Each structure stands twice: as structure tokens, then as C-alpha cells.
Amino acid sequence: MPLRLRRTPLLAALALAASFLSAPAQAADEPPFRDPALPLEQRVDDLLGRLTLPEKLGLLHQSQQAIPRLGIPYHKNGTEALHGVGWSNDLDDGWKQKFASGTVFPQAVGLASTWDPELVKRVGAAVGDEARGYNAVNPTLWGLQVWAPVVDLLRDPRAGRNEEGYSEDPLLTGAISTAYGKGLQGDDPFYLKTAPVLKHYLAYNNETNRGVTSSNLTPKLRNEYYQKAFRAAISADAATGVMASYNLVNGRPNHVNPDLDEAVRSWTGKTLYNVSDAWGPYALTEQEKYYDDKAEAFAAVLKAGLDSYTVDDSNAGPTAQLLSTALDRGLITQADVDDAVRHVLSIRFRLGHFDPDGGPYKKITKDVIDSPAHRKLNRETAGKAAVLLRNSGVLPLASPKSAAVVGPLADRLYRDWYGGQPPYQVTPLDGIKERVADVTSGAGLERIALKHLGSGRYLTATGSGPDDNVALTDTAPTPASQWDLTDWTGGVSTLRNAGNGKLLGGDWRSLDTDDAEPDGWYVQQQFALERQADGSYLVRYAGYESVESWYGLPDPYVSVNADGTPGLAPKAQAARFAKEVVSDGVAAAAEQARKAEVAVVVVGSHPFVAAREFHDRDNLQLGEGQRRLIEAVRKANPRTVVVLETSYPVIVDAPTLLWTTHAGAETGHAVADVLFGDVNPAGRLTQTWYATDKLPSIHDYDLVRTGMTYLYQRGRPLYPFGHGLSYTTFGYQGLRVQGEQVSVKVTNTGKVKGEEVVQLYTHQRRSRFPQPVEQLRGFQRVALGPGESRTVTFPLKRSDLAVWDHTRGRWVVETAAHDVLVGSSSEQVRARTTLQVTGETVPVRDLTQATRAMDFDGYSGVEFADETKVRGEVVAGSAGNWISFTGSSWGSRLTAGVASVSGGSVELRLGSPTGALLGTVQAPATGDVYRYGTASATVKPGKGDLYVVFKGDLRLRDLRLTR
């Protein structure tokens, strides 16, 4: 039965009449909404009719107060469950963040690197069970609407939230998010174990200025790339809603993106419950200044298709008041409110909130949390997620008698922002110690002292309390003036005091040592040591709050105040320091490696340092100190394995290199399982690892133009999409395409059991439109014993090869030859054939018909903008900018819809932006960018490539050139 609740008076009347005929007798003291035997729509109608307007408005907030008179319990949206139950906010403790301590699975990008949807569904099911377990303990704190999975496409590896997503490919992302969402929801056809919400709609892949930057999307990429992963999970009924993202798309904030109602809800017959991101509705007036007042903004959010406001912590009062004002002003109607409340109630009914017994998942108890079965699953998942990037023959290790296990991550595990606190830890050192009798270890860090050149004194810790600011005191290094330097990624480091074990931190302008680890929203324990030409160092403060507009201290560096105390000031006032190496942990680690049979160097990133939500990376570099450690250990012992533990790609190349995400409590067991061959690695990269830092602007979302992702990149990457090695080898034979099926025989040609991820790609050779270099069409992870073969089959429907025809606004299958490619990565093609497809030939574009300006073929300099604040998109240009319509025919009479504050003009040219002038049209001054007028002119008719060149600031909505 469809569960989407879009009611009309006639449908409501018919449903009510049917209920009288079919419903069982109801106890006099129980209202119909309490009866699980009744249809969902009838139960929703009954409860909706009993609610007062204030109660309805209260349900449109993240924190929904109980309604005792109806027996409705308190409910909170938004338990974080990205790769395990992470955290939630506590109504009963000042809305403080409270962390779970259950099973922490590998980070999301690691889950996807398994390329194993069945496994990921089991992980999702385990997380859903633990969410129910926590809810059984404290239903006020641990709500059952979970904000996961994240399906933002990882089209730029510098994005701070890389760890939260799955892949740069929409098909892979859609498959993994569908699997995880299905697991979170459970298998009951009606009831929900949890209600997963997809984050973050749409085209959100930069943290720098995330709340005010607009992702420019062509209609083609919107349909073929950015929407695709969301559509996959929603259409598979693997999620119960989406969360709007902070950014804008084509000039319109996503919190009022009409897609939320008009597109996303069209992908399923079931009811969706869409939510805002934290503070997002207020950003419309405060940061984006898109609306003049909050009531107007909150009304627009509701009208656009969001049903929940994540604002004001647990206080629903301001939201209710603003929506009441919007009702009074006629900005929204009672029907708008009821429609959104229906969405809320439908999901809460499916969670069992109003059933007498709480529904079938109510029986899950806290016993599932960190259960032995979940620990076993966690170890399996972490092992399957590991990717062997290179192997010089050192792996798998064959029972070495001694090992040196060194590096900053050798004996440490870290949680991330959306992860819980692991109840236990198995580090790589722990895992290796279980297998090797003689193990030595060390962090491989430099211990340094920072001598202020102006005074000759050392930067010194004075205690571990919040008021114990560092000082310039010692004249010779003591433990209090010595610091263990960890150079993480991108040149950003942490400094741990040797005397008290605490980290140096920028405490809002002063410097102290009161933190054990980098943590919190504003990670203040980040610094960069910048070597100067004279050999001295400046120490840049890299705390996250420094990018806030209110911080007011551009480019902060460690300085020395007039009274001689250290502090922070602009770079011009930076103090100069000598960096003195007190003890060289790199040399010590190399000596340990020299004496051992094998060496394992465990390096990587810290999930809170150098990149995370709110902070993008500047480059792809592993820290210089960690690179030196790798080289020193490799030089000391050729039998060196580098284990790279990061949340994102970095530029590292070593003869034997194993990559894993921060993989949770079982990281050490999983790493050891792979190193010693108990697990034959079969993880595969889910995004391109670029070989250079010279990448396009992170704010340019046009993949076709930038050449980002494996879809459009033409250079050679460091490691390609889909890459990963094995301890065995595989052969491919007999690739065939029959009907709507592709098959290939895969054989394990090696001596040990292994798993291969068989990947199917296609490339369309000829098209009216730019085509990807290749595109993933299917994948399967298959296990084969030595000498064993299996025929792997993939569905490949004709409709799968459709492309978005922006000239006619629809999907089209073109007549073309397609390369059909199978292999072990996007670059390791092992077999190929050709498929001839009979379809359409896209006709010459007829510009005598009304044509939207956004349906151009090419562009330069223009921006994509909102036609109105409700819907529609236009091209905004200024002098010298242009758009083109290739392969077109046109007449002589031009009419165009334009908006311009002060007026402008556009030229029509043939063949290029500087080609023959066909005519000029003057755009009237409309006084407002949202007020459109009609411009007309006579131009020279013709056919070919038409260029529209802007000569002044204006917005072009549409054009038509009649004969």
C-alpha cells in the first residue's frame, strides 16, 4: 500500500468510509490512532484531527515535546548513526552532546571500500539494533530518526567531510547507501527499526564558505550525477527523507530548494519526512540574507518541502511563533501545516510510537550494544575495507620472529566527529603483538623545544588547567618546554607537552595546555611550523574558529605580547622561534626497524585535525614528519610495510602500502588479519587518488569542465578509482553481451583463496553531448578458491545507457556504439567488447521554439541564478561572459526574457564568442533581478553554433528566435 500522504477531500472521505466497513470494533477508551489494525492514513487522520494548532506546530521542530493528554511521548530527531551510533543531544542535561559507546564501525568511506552491499546492509542492521538498544535505555536522548547515511558525492578529495561520504561515483554511492539504509530500517514491510535520513541535499562538497557559496550545476550534471545517488536510495525505499544542505544551488539556498517537494518526493510512493540541517532556516536571513524576515524564511522552508526545523536546540517555541506569524500573514496555510505534520506522524507511526506495544522492534534491548556478534562483524568489515595499494612482495607476512611497529598511529585509535566512543581499542600494535613474539614500538616523533629568538627563552607549559597559560621561562629545555611534534596532513601539527602530556592549544587568543586530545567543534590544538629563509620558524595557529567572521584575527600566529607572555596576533607580529630537536624519534624508529625482521610504519591523519566538517584541506600532502619517518624506516629495513590510516586520499607512495580508514575498535585486528594473510585484501578505492595538488577550485562543481573524478579525468592518477590489489591473481575470459545481460568468466589463477571486485564500465563512443571517459555500470565482489572459476553476470538495460538531453529536457538513449569494459579497476580493464545500441539521433536544436537559457551547451564566466525565490533557474552574466547553443537553427526575430537592475545588452554571434555579429538586443532596466521584461531585436537567421555574449549585467531567462 502506498504510504505517501498527499490527501484530497475526496480521498479522505473514501478512506473514512472504507474504515467503517473494514475496521474491527474499537474499545471505547482507545482512539482509532492507537489501533495498529487500521490503515496508516486513517490513523494519521484521526490523530491529526485531535491535535491543536500549537501542538501541530510543535511537531515541526527537531525536539517534539510530549502531549500527555493524548499519550504522545517526547521524540527527538537526529541521532547520529553514520558508522555506528554516534551521539545525540540530551534534553534533560541542557542539550549537551552525549556520545554512545557501542560498536564503532569503519568510517563511511571505508564501508564503501568493501564494495559489498550485503555486508554493508548487515552493518546497517547492527547499527539500527544498537540505536534501538540505546532508545530502550533512554528514549528521550536517543531518538529513532537517525541522520545517516551521507550520500554527498566525493567529487573533490579536499572536502573536509570526505570521511562521511561513500564515493565519487553515483552508482556505487547509491548501492552502498541503499544497503546501509535498508539495514537501519529493518526488513518489516511497514514498521521501521529506525528512520534513516539522507544527508545532505544537494551538491554539497565544500566546507569553505559552505553557507554562502553556490554550487553551479548544469541541468545535465544535476540529473546525471548529483541527484543520482539520492534518487537511488529514495526510490529503493531505503530512506525516509532527506536533509537539506547548507549551500546554495544555482543561487538558491537548498533549504528552500523546490526539489525537496517536487523531485525527491516523486521518487517514491511512500511518505518522506524531510528535515533541515542545524540552524539552516535561520541562515536564510542571517547569513545568506535571502529573505528579509524570519517568518517569511520559515514559511518558505515549509512550502519547499521541509517538515522539521533544527533550530534553537530543544526549544520549539520560536519555530512555532514564526510559523504562527506566517499563518497570520497568509504566507502559509493550515493545509501546508497539516501536510507537513502528516509527514511527521506517518514516520512516527511506522516507528511504533503510537502502538500499544511499541511495534515489533520495541523488544530490542541494550544487550545488543557492543555485543560479541557486532564485534565480530566489525572485525570482518574492517578487514574487508582495507585496500592494498602496492605490494613489493613483502605481504603477506610469513611468521616473522621480530617486528618494529612504529608511527603516530601504531598504538593509537581516534574517533571522528560523527563517531561514538569505542568501548575498547585494538591498535595495530596490539594486533601485531598477538602474532609476533618480539615487537618493539615507538611513535616516531620529533621531540622539540621552541626557543624564542627575541628573548632566548623557551615556550613552556605552566600546568594542565584552563587558566595555566604557557610562558617564556626556561633558559634550557626542561620537560615542560619540550613538545612531541606530530605533523599530520597538509602541514598542520599538534604539539604534546612532554611534561604534562597535554596538547598546546589556542584558547581563544591565549595559549594553554589543558586538552588531552584534539576535540570539539572548534579544534584549537592545531598549529603549523613554517620555516623561514633564515632557518627560523613562525608558528601559525590553525584552530577551526579562526575562519569564523567573528574571530576578527586574520592569519593568526604565535606572538609575544608587550609583557612577555605568548599569545596570538596577525602574521606581521609573529614571533620567531628556533626549532631545537631534543630527541629524534624518527632516528629511533629507524634503528628499531634495522634490528627487526620486518617493520610496520603506521601513519596517517587525525580525524579532528587539518580536515573535518567545517574545514577543507588546502592540499593532499601527508605531513613532512611522517614522510621522513617512512623514508628513514624503509632505508633501515627494506622489508617495510606502510599502513596508511586516513579519512581521505593523500599523496603517499611506498613499495608496500596498505590503506584503511579510521576503522573503529577492531582496527588493529583487521590490519593484522590482512598483514599476515588471514584476510586476503579485496577492498577497492571509491575515489580517485590524484598525483598532484594542482586541482581546480573546490567551488567548481562542473566535472565536465574541471576533469574531476574518474568519469572525466584524463591524466594519470596516483591510484585510480576502483584500485586495490590481492595476494592472488585473477583471469578474465569470455566477455559476452546478450540481450540485457553482460557476463564474464573470472578465474582465480593464483595459489590462495581470494576475492575479486569485478567492475563493469561502459563508454559511449559518439554522442550529441560530452560523455564520461568511462562510467561504472555494475560491480560484484566474488570469492574464489585457487583454480576456481565463476561466471559473473550483470544486468545492463538499454535504459541504463540513457543520457540527459538538455535540448529537450528528457532522458534519451542515442544510437551509438558503446565500449563494454570489465576489470579490476577503472584503469585495469581485463576484457572488452562493443555493444551497438539503436536509439534516437538528437535533432538539430530548434531555437524557433522557446528555449531556457539554462539549457545551453557551453558557457564561460556566467553564473547560474534563481529565477524567483520559489523556483526556476536563469543565467546571470556580465560583460564578456557567454553561453552557446551548438548544432542549432534559428530565425530572425529574437525575443528574450531578461531582468536587469539598470539595463544591459547581449550580442548574438556565429561560431565563437568573437564570431560574426548576428545582432544585438537591448535589455530594459527592470529595476530588480527578479522582475523580468521582454527584449526583442532582429538578427540574421541561420544554423550552426550560436553564441550569446553578455555586454552588461543582466539575467537571461529564455530566448526564442522565430522565423
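Predicted model, so just to flag it, every value in this text is computed and none were measured.
By the 4.0 Å N-to-carboxylate-O rule, Arg808 lies close enough to Asp805 to be salt-bridged with it. With respect to Arg612 and Glu164, no salt bridge is recorded, no charged nitrogen being found less than 4.0 Å from a carboxylate O. Salt bridge Arg832/Asp819: absent, no basic N to carboxylate O contact under 4.0 Å. Salt bridge annotation for Lys121-Asp187: present, with a cationic side-chain nitrogen under 4.0 angstrom from a carboxylate oxygen. Taking the charged nitrogens against the carboxylate oxygens, Glu756 and Arg790 have no contact shorter than 4.0 Å, which rules out a salt bridge. Salt-bridge annotation for Glu613 and Arg210: present, with a side-chain N of the basic residue lying under 4.0 Å from a carboxylate O of the acidic one. Using a cut-off of 4.0 Å between Lys/Arg side-chain N and Asp/Glu carboxylate O, Arg222 and Asp259 are scored as salt-bridged. A salt bridge links Asp700 and Arg705; the closest N-O separation between the charged side-chain nitrogens and carboxylate oxygens is under 4.0 Å. A salt bridge links Glu827 with Arg716: the closest approach of a Lys/Arg side-chain nitrogen to an acidic carboxylate oxygen falls below 4.0 angstrom. Electrostatic pairing of Asp653 and Arg390 counts as a salt bridge here, judged by a charged N lying under 4.0 Å from a carboxylate O. Residues Glu380 and Lys384 are paired through a salt bridge, judged by an N-O separation under 4.0 Å between the basic side chain and the carboxylate.
Remark: aromatic rings of His806 and Phe769 are close, center separation under 6.0 Å. Checked against a 6.0 Å centroid threshold, the rings of Phe779 and Phe794 do not count as neighbours.
Between Thr268 and Asp237, the side chains place a donor N or O and an acceptor N or O closer than 3.5 Å (distance only, hydrogens not considered). Side chain to side chain, Thr646 and Trp659 meet the donor-acceptor criterion of an N or O pair below 3.5 Å. Between the side chains of Asn247 and His200, not a single donor N or O lies within less than 3.5 Å of an accepting N or O. In the model, Gln687 has no side-chain atom that pairs as donor or acceptor with a side-chain atom of Trp689 under 3.5 Å. Counting only N and O atoms by type, the side chains of Thr747 and Gln733 include a donor and acceptor under 3.5 Å apart. No hydrogens or angles considered: nothing links the side chains of Asp169 and Ser167 as a donor-acceptor pair under 3.5 Å. Side chains of Thr841 and Thr815: no donor on one and acceptor on the other come within 3.5 Å. For the residue pair Gln107 and Ser647, a side-chain donor N or O sits within less than 3.5 Å of a side-chain acceptor on the partner. Arg777 and Thr762 share a donor-acceptor pair across their side chains, judged by distance under 3.5 Å alone. Between Thr728 and Asn748, the side chains place a donor N or O and an acceptor N or O closer than 3.5 Å (distance only, hydrogens not considered). Looking at Thr688 and Glu168, their side chains do bring a donor and an acceptor atom within 3.5 Å of each other. A donor atom on one side chain and an acceptor atom on the other are found under 3.5 Å apart for Glu207 and Tyr204. Defined by atom type and a distance below 3.5 Å, a donor-acceptor pair is present between the side-chain atoms of Arg265 and His343. Glu666 and Asn378 form no side-chain donor-acceptor contact under 3.5 Å, judged by distance and modelled atom types alone. A donor and an acceptor atom, one from each side chain of Ser824 and Arg684, are nowhere located under 3.5 Å apart.
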For the pair Asp152 and Phe230, evaluate side-chain contact (heavy atoms from CB on, under 4.5 Å) and give the outcome as yes or no after the intermediate values.
-> CA-CA 8 Å; Asp152 300 324; Phe230 289 91; 4.0 Å; yes

Decide yes or no on side-chain hydrogen bond (donor to acceptor under 3.5 Å, both in side chains) for Thr103 and Glu130, but give the supporting numbers first.
-> CA-CA 8 Å; Thr103 308; Glu130 295 202 9; 2.5 Å; yes

Go through the steps to decide whether Ser767 and Glu814 satisfy the test side-chain hydrogen bond (donor to acceptor under 3.5 Å, both in side chains), and finish with yes or no.
-> CA-CA 7 Å; Ser767 174; Glu814 296 179 282; 2.5 Å; yes

Using the side-chain hydrogen bond (donor to acceptor under 3.5 Å, both in side chains) rule, take Tyr201 and Asn274 through it: C-alpha gap first, then chi angles, then the decisive distance, then the call.
-> CA-CA 10 Å; Tyr201 192 89; Asn274 297 331; over 6 Å; no

Under the side-chain contact (heavy atoms from CB on, under 4.5 Å) criterion, do Arg158 and Leu620 qualify, and how do the steps go?
-> CA-CA 7 Å; Arg158 296 168 297 183; Leu620 305 180; 3.7 Å; yes

Would Leu796 and Gln741 satisfy side-chain contact (heavy atoms from CB on, under 4.5 Å), going step by step from the backbone distance to the final call?
-> CA-CA 5 Å; Leu796 184 64; Gln741 182 173 285; over 6 Å; no

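A tilted orientation is assigned to the rings of Tyr226 and Tyr701, their planes being inclined by 30° to 60°. Classification of the His723-Tyr719 ring pair by plane angle, with boundaries at 30° and 60°, yields parallel. Ring geometry, Trp115 versus Phe721: the interplanar angle falls from 30° to 60°, so the pair is classed tilted.
Nearest heavy atoms, Ala126 versus Phe105: CB-CZ, 3.9 Å.
Judged purely by atom type and a 3.5 angstrom limit, His699 uses its side chain to pair as donor or acceptor with the backbone of Thr208.
Screening Arg798, Arg768, Arg810 against Glu840 for a salt bridge (charged side-chain N to carboxylate O under 4.0 Å, His left out) leaves a single residue, Arg810.
With Tyr418 as the aromatic partner, Lys199 meets the cation-pi criteria of under 6.0 angstrom to the ring centre and within 45 degrees of the ring axis.
Annotation: Arg766, atom CZ; neighbour count of heavy atoms from other residues, nucleotides and ligands within 6.0 Å does not exceed 12.
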